[in-house]
Structure formats: structure tokens, C-alpha cells
Amino acid sequence: MKKIAVLTSGGDAPGMNAAIRAVVRMALHNGLEVMGVQRGYAGLVNGELFKMDRSSVSDIIQRGGTILRTARCLEFKQEETRIKAANILKAYGVDALVVIGGDGSFMGAKLLSKLGVKTIGLPGTIDNDLAYTDYTIGFDTALNTALDAINKLRDTSTSHERVSVVEIMGRDCGDLALYAGIAGGAESIIVPEKGYDKDDLCRVILEGKANGKMHNLVLVAEGIGGSNELAKYIESVTGIETRATILGHIQRGGSPTASDRVLASRLGARAVELLMEEKTCRVVGIRNNEVVDDDIDEALAMERKFDDKLYEIAKALSY
Ligand code: F6P
């Protein structure tokens with residue numbers, strides 16, 4: 001192993017820069033050369049590679065987004081595109097690629113490894129939707145961003161004695177909504193893993209009002225969606241003024257939390273160690289606070305377990 005490359009792919013996540021920094025610096029520390037790839041797989045296919053040194057990653061650990069930029073590259077599903085990418089890496093003398101992204105990006109890494117490029121994946125997504133790792137890089141920061149917004153919405157909801165429906169990102173995964181809900185003291189948490197009954201929700205809201213609640217926070221995961229319509233429905237059934245707020249991409253930005261920076265540094269360093277051991281087609285994650293690595297196929301086949309216990313606790317604490 002002499003030369004590695006690193007790219008970020010899919011939706012960006014706070015902490016990606018800390019992961020890039022860890023990969024670059026750990027590789028250089030071990031005498032490897034490093035190339036950065038701009039714009040994910042799309043940039044790789046266009047040959048957007050550049051040499052990185054220690055100063056290339058100076059002053060980025062605290063920055064949101066990704067200095068390498070990112071893209072979703074649908075063309076990478078085609079074998080001819082992947083062959084082109086593998087040839088470009090060979091032409092640059094790159095033996096291995098570290099991919100920071102989510103499940104789609106890992107699939108790309110796996111297919112690329114079949115063409116002789118060693119690949120290691122790092123979980124960079126705010127969604128926390130990868131079963132093999134307890135936490136993904138970016139989840140904690142996005143959670144705290146959502147929490148900050150919820151705290152503010154609680155102020156204005158209380159002043160106006162309104163219901164506030166807040167839609168939280170996470171594609172098909174309810175983790176961000178669940179954790180933000182429990183941390184923000186939401187009255188109701190609606191996630192795709194559990195579903196919900198609209199009239200039951202209205203009943204809970206009316207009970208809360210009867211018990212003297214000054215506001216009612218309803219968190220809706222993106223996978224459920226329809227927050228504006230839900231707000232109208234709640235208002236029509238309960239007679240309580242209701243407003244919907246879709247937090248959207250604000251959750252993807254911002255300076256990463258300490259927890260995300262530490263996670264990114266640990267996982268990034270392990271990715272390089274694995275490459276030094278000539279390992280390939282693996283993803284690095286964290287389980288029970290231990291850094292782990294799994295075969296990409298096995299990791300992607302693992303079934304994600306929703307935290308039912310936490311969901312029940314949130315319910316018990318909410319009224
Ligand atoms: O995967 C991260 C994520 O932010 C999801 O929560 C969301 O569904 C999706 O990306 C949005 O993608 P885009 O930035 O392409 O609109």
C-alpha cells in the first residue's frame with residue numbers, strides 16, 4: 001500500500017471534514033501518499049483528483065460540510081462508469097479508496113472493489129440509518145441542530161398556546177425524530193417505524209390542553225412527511241391553532257459537535273489501519289463504543305433495529 005484516495009459522497013454531514021482530516025493525517029503519519037477526490041464518484045470519473053498534505057486539512061475539523069464537496073452519482077450504477085473510475089485510480093497510482101457516505105456510497109465502494117481497487121467505507125450521514133454502526137458521523141450534530149430549533153419553537157408555541165408540528169430529516173429512518181423528541185420533550189413523536197393514528201394524536205393533544213399544557217410539540221419524521229396537511233388536520237379537529245415547520249437542510253450544516261469530531265477521528269484512523277493491513281471491501285463503525293469493521297455486504301444486509309425502549313420512554317415522559 002503506497003497511495004490512497006479519499007472522497008465524500010451522497011448527502012453531506014457535519015463531521016465529514018473531521019473524517020477527511022483523520023484519513024489524510026493518519027495516512028501521512030504511516031508514510032502513505034494521499035489524494036483527495038472532489039465531488040464524490042462523479043468527480044472521480046472526471047479525474048478530479050489532487051494531492052493532499054497535512055496542511056490540506058488544516059483548520060477544517062470545526063467546519064461543517066465537506067471540503068471535498070459531494071454529489072449523488074447515479075451513473076456509478078453502470079459498470080462502464082465504474083471501470084472508468086478504476087482506470088483513473090490506476091492511472092494516478094492509487095491502490096485504495098476511502099469512501100465517506102451512506103449506504104448508496106458503500107454499494108459503489110463494494111462494486112469498485114470488484115475491479116481491484118481496495119475500498120473502505122466510513123459512515124457519513126445525518127440519518128443514522130446504517131444497521132452495523134450505533135452512530136453515524138453527523139447524526140449528533142444534526143440532532144443538536146434540530147433540538148435548538150425545537151427549543152425555539154417551544155417558546156413561541158407556548159406564547160401563543162399553539163400546537164407545533166416539526167418535520168425532522170432522516171429519509172426513512174426515525175432516529176433523528178426520536179432522539180430530538182426525547183431530548184426536546186416533545187408530546188408526540190411520529191416515525192415510519194411505528195406509524196400513527198391521526199385521531200389518536202388529536203385526542204392526546206386535547207388531553208394535554210385539558211391538563212393545562214401551554215403548547216404541544218408533534219415531531220414528524222421525514223419518512224412520514226405531510227406536516228403541512230397534518231397541521232391543518234389537527235387544527236380542524238382540535239380547534240387549537242397549529243403551525244408546521246419543516247426544518248429541512250438546516251439540519252445538514254453547522255460546526256460538528258465534539259462527539260461527531262471524536263467519532264470521525266476514531267473511524268478515519270481505523271480506515272487507514274485497515275488499509276495498512278491490506279483489508280478491502282469493509283466499512284468501519286462503532287458498536288458499544290468499540291470501533292468495529294464489517295464486510296460491506298454483511299453490513300448492508302444487517303437489519304436496523306429501531307429503539308422501541310426509547311420510544312416507549314418518550315411516550316411515558318410526554319404527558
Ligand atoms: O441522507 C441525508 C438526507 O439529508 C436525508 O435525511 C434526506 O432525505 C436527503 O438526504 C435529502 O437529500 P438532498 O440533499 O439530495 O435533497
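Numbering of ligands and ligand atoms starts at 1, following listing order.
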Between ligand 1 and the protein, which N/O pairs are shorter than 3.5 Å?
residue: ligand 1; atom: 1 (O); partner: Asp127; partner atom: OD2; Å: 2.9
residue: ligand 1; atom: 1 (O); partner: Arg171; partner atom: NH2; Å: 3.3
residue: ligand 1; atom: 4 (O); partner: Arg252; partner atom: NH1; Å: 2.8
residue: ligand 1; atom: 6 (O); partner: Asp127; partner atom: OD1; Å: 2.7
residue: ligand 1; atom: 6 (O); partner: Gly170; partner atom: N; Å: 3.1
residue: ligand 1; atom: 6 (O); partner: Arg171; partner atom: N; Å: 3.4
residue: ligand 1; atom: 6 (O); partner: Glu222; partner atom: OE1; Å: 3.3
residue: ligand 1; atom: 8 (O); partner: Glu222; partner atom: OE1; Å: 3.0
residue: ligand 1; atom: 8 (O); partner: Glu222; partner atom: OE2; Å: 2.8
residue: ligand 1; atom: 10 (O); partner: Arg72; partner atom: NH2; Å: 3.1
residue: ligand 1; atom: 10 (O); partner: Arg252; partner atom: NH1; Å: 3.1
residue: ligand 1; atom: 12 (O); partner: Arg72; partner atom: NH2; Å: 2.9
residue: ligand 1; atom: 14 (O); partner: His249; partner atom: NE2; Å: 2.9
residue: ligand 1; atom: 14 (O); partner: Arg252; partner atom: NH1; Å: 2.9
residue: ligand 1; atom: 14 (O); partner: Arg252; partner atom: NH2; Å: 2.9
residue: ligand 1; atom: 15 (O); partner: Arg72; partner atom: NE; Å: 3.1
residue: ligand 1; atom: 15 (O); partner: Arg72; partner atom: NH2; Å: 3.3
residue: ligand 1; atom: 16 (O); partner: His249; partner atom: NE2; Å: 3.2

Legend entry - Donor-acceptor side-chain pairing of Arg243 and Ser227 below 3.5 angstrom: no

Inset, instruction - Is it possible for you to say whether Ile60 and Val6 belong to one hydrophobic cluster, with membership spreading through side-chain heavy-atom contacts below 4.5 Å? - result: yes

Legend entry - Counterpart residues, ring-ring contact (aromatic ring centres under 6.0 Å, His included), relative to Phe76 (two or more places apart): Tyr41

Inset, instruction - Salt-bridge test for Arg270 and Glu273: reply yes if a basic N is under 4.0 Å from a carboxylate O, no otherwise. - result: yes

Inset, instruction - Can you sort out the partners of Tyr132 under ring-ring contact (aromatic ring centres under 6.0 Å, His included), two or more places apart, ordered by chain and number? - result: none

Inset, instruction - Please collect all side-chain hydrogen bond (donor to acceptor under 3.5 Å, both in side chains) contacts where either partner lies in residues 299-319, sequence neighbours excluded, each pair once. - result: Asp175-Arg304, Glu193-Arg304, Lys194-Asp308

